[in-house]
Q: 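Please read through the structure below; I'll follow up with questions.
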Amino acid sequence: MVYDSPHSGLDLPRDFHPAVDQEMVLKASDSYVDELFAHAPHTGAPLLRALFPRSFLDVNRAENDVDLAMIEGHWPYPVAGSSAAQRGMGLAWRFAWGDTLMHDRLLTVAEMQNRIDQYWTPYHNRLKALLDQTYQAFGRVYHINCHSMPAFGHALSPDPAGTRRPDFVIGDFDGQSAERSFVDMIKTSLSDMGYDVVLNKPFRGAELIRRYCDPARGRHSVQIEVNRALYMDEATRAKSAGFARIQSDLAKLSENVEGYAASALKG
């Protein structure tokens with residue numbers, strides 16, 4: 001097993017100079033998700049986490065998912081033109097939140113390229129190495145990509161603003177990124193704990209499961225989104241009384257993932 005938490009970073013890089021305050025920058029962060037899944041290493045699985053905010057540089061986007069509306073001059077490389085970038089949530093975020101711009105100026109090509117070279121590439125290189133090492137050791141790998149989501153849809157999200165979200169969303173790229181029995185095990189585990197669990201809506205997964213999955217060869221990747229209202233106050237980002245329960249239940253889930261992986265090896 002390999003776990004990664006790409007959006008829980010809260011440290012502002014020294015070369016990051018947003019036009020908004022730190023709290024606005026961190027509003028989009030998956031605060032505490034790395035702590036929620038902290039039991040994973042006790043099952044023998046590495047847990048990789050980014051230290052920088054996702055709105056500064058989102059490693060769960062492709063390296064060419066650049067939002068040209070925030071770049072000064074000519075961007076000399078191909079761009080993906082994704083719907084996320086069009087909403088201002090591309091490789092680097094044009095908006096801090098809502099319609100508030102992250103920067104009061106355009107970024108230079110060199111600044112964006114530096115973010116890719118210094119943050120995106122090292123994260124992906126490390127995750128790929130962990131996945132490859134695990135696969136070489138066992139002949140298969142189960143990758144859990146860990147996230148959290150606001151309790152309601154908002155202006156930047158793929159679902160309409162105000163949409164009430166379930167407790168958990170499991171993303172398997174619409175059935176393409178993992179064997180169904182693995183996905184079903186995760187969904188059943190959480191449902192049996194009393195949570196409302198939905199598959200792929202509104203989040204089916206993004207670059208970090210798309211890029212590294214290959215179920216036919218034993219490489220399985222699943223994205224898990226936890227509703228932030230279960231464990232934190234979204235306005236203050238403070239942990240709530242529900243944090244301990246969610247952390248404990250996700251520890252049980254990690255044990256179930258370990259059991260599933262062990263059974264798969266025997267089979």
Side-chain angles (χ1 to χ4, degrees), residues 1-8 30 32-47 60 131 134-135 138-151 158-159 163-206 208-210 212-232 240 242-267:
M1 302 90 66
V2 173
Y3 290 71
D4 84 299
S5 179
H7 293 162
S8 54
D30 291 353
Y32 313 119
V33 164
D34 49 349
E35 293 184 47
L36 290 177
F37 286 88
H39 184 74
H42 295 283
T43 68
L47 170 59
N60 202 27
L131 292 168
T134 303
Y135 183 77
F138 299 103
R140 65 183 64 210
V141 59
Y142 295 98
H143 169 212
I144 306 292
N145 183 229
C146 309
H147 297 264
S148 70
M149 58 185 173
D159 51 342
T163 303
R164 181 183 292 276
R165 291 170 171 170
D167 296 330
F168 287 88
V169 175
I170 311 301
D172 66 353
F173 228 68
D174 294 327
Q176 301 178 62
S177 68
E179 60 191 7
R180 187 54 189 261
S181 57
F182 182 51
V183 178
D184 287 345
M185 180 276 297
I186 294 173
K187 185 176 186 297
T188 299
S189 294
L190 293 170
S191 296
D192 287 349
M193 295 175 194
Y195 296 110
D196 177 25
V197 187
V198 173
L199 292 180
N200 295 310
K201 294 181 180 179
F203 304 110
R204 66 174 189 153
L208 286 166
I209 68 169
R210 184 206 66 80
Y212 299 112
C213 74
D214 190 349
R217 296 182 58 237
R219 292 175 175 264
H220 307 280
S221 292
V222 171
Q223 176 178 288
I224 298 180
E225 295 269 4
V226 188
N227 192 313
R228 292 175 191 164
L230 295 174
Y231 69 90
M232 63 179 277
S240 69
F243 183 89
R245 179 199 168 187
I246 300 297
Q247 188 180 51
S248 176
D249 286 345
L250 288 174
K252 295 174 187 174
L253 177 64
S254 295
E255 298 286 348
N256 290 348
V257 170
E258 179 189 21
Y260 180 95
S263 295
L265 285 178
K266 294 176 182 178

Q: How are the rings of Phe37 and Tyr3 set relative to one another: parallel (under 30°), tilted (30 to 60°) or perpendicular (over 60°)?
A: tilted
Q: Say whether, by atom type as modelled, one donor and one acceptor occur between the side chain of Asn227 and the main chain of Pro166 under 3.5 angstrom.
A: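 Such a contact is found between Asn227 side chain and Pro166 backbone.
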Q: So which atom in His147 and which in Pro6 form the shortest heavy-atom distance, rounded to 0.1 Å?
A: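 Shortest heavy-atom contact: CE1-CG, 3.5 Å.
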Q: Shortest non-hydrogen contact from Gln223 to Gly205?
A: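 Minimum heavy-atom separation between Gln223 and Gly205: OE1-CA, 3.3 Å.
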Q: Could you check whether Lys187 pairs with Asp184 (Lys NZ or Arg NE/NH1/NH2 to Asp/Glu carboxylate O, under 4.0 Å)?
A: no
Q: When you compare the side chain of Arg165 with that of Phe203, does any pair of heavy atoms fall below 4.5 Å?
A: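 Yes, their side chains come closer than 4.5 Å.
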Q: Below 4.5 Å, heavy atoms only, C-beta onward: do Ser148 and Tyr231 meet side chain to side chain?
A: yes
Q: I'd like to know if the side chain of Ser177 and the backbone of Ser221 have a donor-acceptor N/O pair within less than 3.5 Å.
A: yes
Q: If we ignore angles and hydrogens, is there a donor and acceptor under 3.5 Å between the side chains of Ser181 and Tyr260?
A: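 There is such a pair between these side chains.
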Q: What's the spacing between Asp172 CG and Arg180 CZ if we round to 0.5 Å?
A: 6.5 Å
Q: Could you verify whether a donor N or O on one side chain and an acceptor N or O on the other, from Asp4 and Asn145, lie under 3.5 Å apart?
A: yes
Q: Could you check whether any side-chain heavy atom of Leu253 comes within less than 4.5 Å of a side-chain heavy atom of Leu250, counting everything from C-beta outward?
A: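 A side-chain contact exists here, since the closest heavy-atom pair is under 4.5 Å.
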Q: When you compare the side chain of Ile170 with that of Leu190, does any pair of heavy atoms fall below 4.5 Å?
A: yes
Q: Would you compute the distance between atom SG of Cys146 and atom CG of Asp30 and round it to the nearest 0.5 angstrom?
A: 9.5 Å
Q: Is a side-chain donor or acceptor of Ser263 paired with a backbone partner of Gly259 at a separation under 3.5 angstrom?
A: yes
Q: Ignoring hydrogens, what is the shortest heavy-atom contact between Phe138 and Leu265? Give both atom names and the distance.
A: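 Heavy atoms of Phe138 and Leu265 come nearest at O-CD2, 3.4 Å.
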Q: Determine the minimum heavy-atom distance between Val257 and Met1, stating which atoms define it.
A: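 Scanning both residues, the minimum pair turns out to be CG1-CG, 3.6 Å.
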Q: Give a yes or no on whether the backbone of Arg219 and the side-chain of Asp214 come within a donor-acceptor separation of less than 3.5 Å.
A: no
Q: How many angstroms lie between CZ in Phe243 and CD in Glu35, if you round to the nearest 0.5 Å?
A: 4.5 Å
Q: Mind listing the closest non-hydrogen atom pair of Ile224 and Ile186 along with its distance?
A: CD1-CG2, 4.1 Å
Q: Could you tell me which non-hydrogen atom of Ser189 sits nearest to which non-hydrogen atom of Asn256, and how far apart they are?
A: OG-ND2, 3.0 Å
Q: Rounded to the nearest 0.5 Å, how far does NZ of Lys201 lie from CG of Asp159?
A: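 Result: 12.0 Å between the selected atoms.
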Q: State, without any angle test, whether Tyr142 and Glu179 hold a side-chain donor-acceptor pair at a distance under 3.5 Å.
A: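 Short answer, yes.
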Q: Is the shortest heavy-atom distance from the side chain of Tyr195 to the side chain of Ile246 under 4.5 Å?
A: yes
Q: Hey, what do you get for OH (Tyr212) to NE2 (His143), rounding to the nearest 0.5 Å?
A: 9.0 Å
Q: NE2 of His39 to CD of Glu255: how many Å apart, nearest 0.5 Å?
A: 3.5 Å
Q: Where do Val33 and Val226 land on the side-chain contact (heavy atoms from CB on, under 4.5 Å) test, with the steps shown first?
A: CA-CA 8 Å; Val33 164; Val226 188; 5.7 Å; no
